[in-house]
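Computed over heavy atoms, backbone and side chain alike; hydrogens, waters and symmetry mates excluded. Lettering of chains follows the sequences in order, A, B, ..., and the numbering in each one begins at 1.
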There are 2 protein chains.
Amino acid sequence: MVASNDNSRSPSKYICYKLSRVMRKVHRYYESNLSQYGITPSQFYVLSAVWERDGLKFKDLAKSLDMDGSTLTSILDRMERLDLVERRNDPEDRRSLLVFLTEKAKQKISEIAHLAEGLDQEIKERFSDEEFATFEKVLEKFSQE
Amino acid sequence: MVASNDNSRSPSKYICYKLSRVMRKVHRYYESNLSQYGITPSQFYVLSAVWERDGLKFKDLAKSLDMDGSTLTSILDRMERLDLVERRNDPEDRRSLLVFLTEKAKQKISEIAHLAEGLDQEIKERFSDEEFATFEKVLEKFSQE
DNA sequence: CACAATTGATTTCCTTACCAACGAACAAGT
DNA sequence: ACTTGTTCGTTGGTAAGGAAATCAATTGTG
């Protein structure tokens with residue numbers, strides 16, 4: 001808490017810096033665990049989102065992940081190379097693409113999701129329930145607006 | 001809160017995803033405001049850290065920002081090109097580098113810091129004091145361990 | 001002293017992220 | 001039908017983040 005006082009020059013007084021630092025840390029934690037499945041955290045988010053709604057539109061996928069289309073394009077490129085997802089044409093709109101999980105991905109995803117839930121559990125255990133609930137509430141509010 | 005329940009498949013149930021999403025949002029907010037000074041959020045963190053301790057060692061800078069050395073190398077490259085920082089040899093260790101702010105940076109940094117404090121203020125105002133205090137406490141705990 | 005091990009910083013490679021510009025396809029209006 | 005405008009996805013550019021390999025300099029050990 002020392003570095004948060006207002007007349008300090010330290011970057012650690014700024015929200016954005018704090019968030020970025022923690023995010024990177026948690027990201028590395030996920031990354032090191034997901035690597036045994038040969039995927040990255042971002043690829044895992046895409047897998048989860050497509051698992052939730054197989055065959056959804058590219059643009060809806062991007063929107064649901066709050067991700068720029070061009071970022072998703074390159075992630076899907078790699079995931080297609082890894083045989084995790086498949087892009088198919090949308091019969092209703094020739095500009096649009098539909099995204100599907102491959103059989104390979106369908107077989108792996110629930111195990112991976114289980115692992116990720118375990119990682120979350122380990123993180124949560126470091127805090128009190130209320131503390132963490134408030135933390136998540138604030139995050140939720142952030143991403144809504 | 002809907003998406004956080006445990007039997008959902010949505011990526012938004014995972015801490016790492018939530019953090020990344022919020023972080024990106026806040027990052028974009030900072031980015032759009034800092035761009036008037038021609039710098040990025042990460043460059044701003046470096047400026048702040050060097051402003052706090054001018055002439056610190058490269059490795060200490062990287063450590064204090066919890067940043068990989070290779071990342072810092074490329075950020076400093078750009079910042080040197082922008083005439084914001086300067087690398088000098090460490091007289092005590094020829095492997096080591098010392099990092100200094102340029103005059104140009106010294107003149108701009110306090111104004112930029114003031115802007116950033118304003119951005120933080122605007123964010124804070126969206127939450128209750130306790131709520132946000134807990135949020136920051138959790139972030140703090142995260143980055144300590 | 002000499003040699004091995006470690007440290008400091010850079011380079012290269014890969015992934016993510018975003019913006020701006022683009023071309024193709026669709027929609028709306030006249 | 002034709003033109004105008006919009007939407008969809010990709011491409012190309014830049015920045016950041018990190019892992020691994022590398023080189024030079026320093027430290028440790030025999």
Enquirer: Does A:Arg87 have a side-chain nitrogen or oxygen under 4.0 Å from the phosphate oxygens OP1 or OP2 of D:dC8?
Expert: no
Enquirer: Where the side chain of B:Ser42 is defined as all heavy atoms beyond and including C-beta, which of D:dA15, C:dT15, D:dG17 is the nearest nucleotide?
Expert: D:dG17
Enquirer: Classify A:Leu72 by what it touches in the nucleic acid, base, sugar-phosphate, or nothing, heavy-atom distance under 4.0 Å.
Expert: nothing
Enquirer: Charged N to carboxylate O below 4.0 Å: is that the case for B:Lys106 and B:Glu103?
Expert: yes
Enquirer: Hey, does B:Phe58 have a side-chain heavy atom less than 4.5 Å from the side chain of B:Asp90?
Expert: no
Enquirer: So, does B:Thr40 get its side chain near the phosphate of D:dA16, meaning an N or O under 4.0 Å from OP1 or OP2?
Expert: yes
Enquirer: Counting heavy atoms from C-beta on, name the nucleotide in D:dA15, C:dG8, C:dT11 closest to the side chain of B:Lys59.
Expert: C:dG8
Enquirer: Considering just the side-chain nitrogens and oxygens of B:Arg24, establish if one lies under 4.0 Å of OP1 or OP2 belonging to C:dT16.
Expert: no
Enquirer: To the nearest Å, how far apart are B:Ile39 CD1 and D:dA15 C1'?
Expert: 14 Å
Enquirer: Could you check A:Lys25 against A:Asp77 and say which one's nearest nucleotide on DNA chain D is further toward the 5' end?
Expert: A:Asp77
Enquirer: Can you list the steps and then say if A:Tyr14 with B:Phe44 is a ring-ring contact (aromatic ring centres under 6.0 Å, His included)?
Expert: CA-CA 10 Å; A:Tyr14 301 106; B:Phe44 170 59; 4.9 Å; yes
Enquirer: Taking all heavy atoms of A:Arg21 and all of B:Ser64, pick out the closest pair and write down the distance.
Expert: NH1-O, 3.0 Å
Enquirer: If you measure only the distance, is there a donor-acceptor pair under 3.5 Å linking the side chains of A:Ser10 and A:Ser12?
Expert: yes
Enquirer: Choosing from C:dA9, D:dT10, D:dA15, which nucleotide comes nearest the side chain of B:Phe58?
Expert: C:dA9
Enquirer: What is the distance, rounded to the nearest whole Å, between atom CG of A:Leu97 and atom C1' of D:dT10?
Expert: 10 Å
Enquirer: If the sugar-phosphate is the primed atoms plus P, OP1 and OP2 and the base is the rest, what is the B/S/- string for nucleotides 19-25 of chain C, using protein heavy atoms under 4.0 Å?
Expert: B-----B
Enquirer: Specify the residue among B:Asp66 and A:Leu76 whose closest nucleotide of DNA chain D lies further upstream toward the 5′ end.
Expert: A:Leu76
Enquirer: Are the charged groups of A:Arg28 and B:Asp66 less than 4.0 angstrom apart, N to O?
Expert: yes
